[in-house]
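Have a look at the structure below, then the notes.
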Amino acid sequence: MYRIKTFNKIAPAGLGRFDPARYAVSEQETAEEGILVRSADLLDYSFPPSLLAISRAGAGVNNIPLDRCSEAGIAVFSTPGANANAVKEMVLCAMLMSSRDVPGAIRWVREKAASGVDVSTVVEKGKAAFVGPEIYRKTMGVIGLGAIGSLVSNIALNMGMDVYGYDPFLSVDAALRLDRHVHVVKDIHELYRKADYITVHIHFTEKTKHMIDAQAISNMKPGVRLINLARGGIVDDDALLPALDAGQVTAYVTDFPTNRLVASPHVIAMPHLGASTPESEQNCAVMAADELKDYLENGNIRNSVNLPAVAMERSGVMRLCIIHKNIPAMLANITTLLSRDGVNVENLSNKSKGNYAYTMVDLGEKVNASVVSDLQNLTNVIRVRVIE
Ligand code: MLT
């Protein structure tokens with residue numbers, strides 16, 4: 001029986017993926033093998049030694065201590081693409097709201113009515129304060145062309161916009177999803193110079209923290225409208241607020257509000273709503289559950305953020321899953337140890353990601369416990385798991 005501890009409310013469709021005969025899934029589990037989480041902060045969570053994997057129903061993983069997980073041999077999964085359509089639709093909404101001041105206009109009508117004015121007599125005159133441009137034939141800049149950024153680029157093209165995209169890590173999959181009319185630029189300054197609207201779709205890391213800083217903003221086209229439904233820390237608020245006051249940035253739409261931001265009349269701030277649709281919550285929960293199950297039951301790794309993608313059909317009678325450091329001779333050390341005991345390897349896969357690597361070995365016969373503990377004791381092996 002595997003124990004899965006849930007943090008946050010996970011959509012029932014995701015919980016339904018776990019066979020109750022094999023899994024106990026609840027918020028109360030202790031000594032858990034797996035964690036399912038949405039946005040709960042696990043940065044200071046003390047992981048039990050039993051924990052093998054954390055699956056995040058969502059794209060961002062800044063609520064999970066990745067380095068600590070890697071060092072402890074805990075695989076971390078996310079669900080790229082599962083909420084992309086929901087975010088794409090919200091970006092569209094953000095573009096329209098930032099063009100004509102729709103939130104300001106709604107507020108104004110309510111305030112007039114609340115103050116006893118017959119709104120029907122003032123709206124025609126009052127509407128002038130909320131006028132703004134159409135997005136048709138304007139230029140959109142998309143920073144980050146992953147699952148969300150590529151959908152945003154394509155919908156912007158469909159709305160009649162000219163689209164510039166920037167992504168130094170553009171994957172083949174993402175490139176294939178991208179409409180061929182999107183101008184993919186190598187120099188972000190080209191995007192800054194041309195875009196009337198800029199939206200960011202990148203992960204928040206030490207490297208992307210304050211990527212949109214005073215320098216970046218000063219390189220943007222005057223009057224640009226900026227959208228950030230990715231993570232608050234990507235934009236440096238200290239640089240943004242004076243740029244909004246000066247009109248260098250006309251409007252900032254974000255779902256990562258702070259009190260300082262909300263005080264600016266040029267900021268449209270809302271709760272973290274980008275992915276909040278029933279469809280997206282269901283997609284994320286199902287994908288997160290499936291990734292976790294496949295890892296626990298088969299050792300297969302798909303969409304991990306700290307370990308390489310490795311998946312094999314089951315063969316042989318016993319599978320060894322070994323997380324180790326990505327250094328020379330590890331594979332040789334592992335296979336030497338297995339051949340010392342005359343064990344036949346049916347199938348093997350070894351891949352690396354950054355400082356870590358994963359070796360999965362299907363064996364033609366069962367090995368005894370001493371082989372497993374010898375493997376575990378190899379220098380630079382982090383975790384060995386046996387799946388039968
Ligand atoms: C994500 O990271 O997937 C989105 O920002 C939504 C979320 O955090 O749940």
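Everything quoted here is computed from the prediction, not taken from an experiment. For ligands, and for the atoms within them, numbers begin at 1 and follow the listed sequence.
Salt bridge annotation for Glu27-Lys5: absent, with no cationic side-chain nitrogen under 4.0 angstrom from a carboxylate oxygen. A salt bridge is defined here as a Lys NZ or Arg NE, NH1 or NH2 lying under 4.0 Å from an Asp or Glu carboxylate O, and Asp237 with Arg260 fails to meet this definition. Using a cut-off of 4.0 Å between Lys/Arg side-chain N and Asp/Glu carboxylate O, Lys209 and Asp236 are scored as not salt-bridged. With respect to the salt-bridge test (charged N to carboxylate O, under 4.0 angstrom), the residues Arg22 and Glu297 qualify.
Of all the atoms in ligand 1, the ones that sit under 4.0 Å from a non-hydrogen atom of Gly60 are 1 (C), 2 (O), 3 (O). Shown in contact with Arg56 at under 4.0 Å from a heavy atom are these atoms of ligand 1, numbered in order with element: 1 (C), 2 (O), 3 (O), 7 (C), 8 (O), 9 (O). Against a heavy-atom cut-off of under 4.0 Å, Arg231 is close to the following atoms of ligand 1: 1 (C), 2 (O), 5 (O), 8 (O). Taking every non-hydrogen atom of Ala275 and a distance limit under 4.0 Å, the qualifying atoms of ligand 1 come out as 6 (C).
Backbone and side-chain nitrogen or oxygen atoms of Gly58 are examined, and none is located within less than 3.5 angstrom of a nitrogen or oxygen of ligand 1.
Remark: minimum distance from atom 3 (O) of ligand 1 to any protein heavy atom is reached at Ala59 N, 2.5 Å.
Between the CD atom in Glu291 and the OG atom in Ser304 there is a gap of 9.0 Å [rounded to 0.5 Å].
Neither the backbone nor the side chain of Leu229 has a heavy atom within less than 4.0 Å of ligand 1. With a heavy-atom cut-off of 4.0 Å, His272 touches ligand 1 through its side chain alone.
In this structure, Arg385 forms a cation-pi arrangement with Tyr295, its terminal cationic atom sitting closer than 6.0 Å to the ring centre and no more than 45° off the ring axis.
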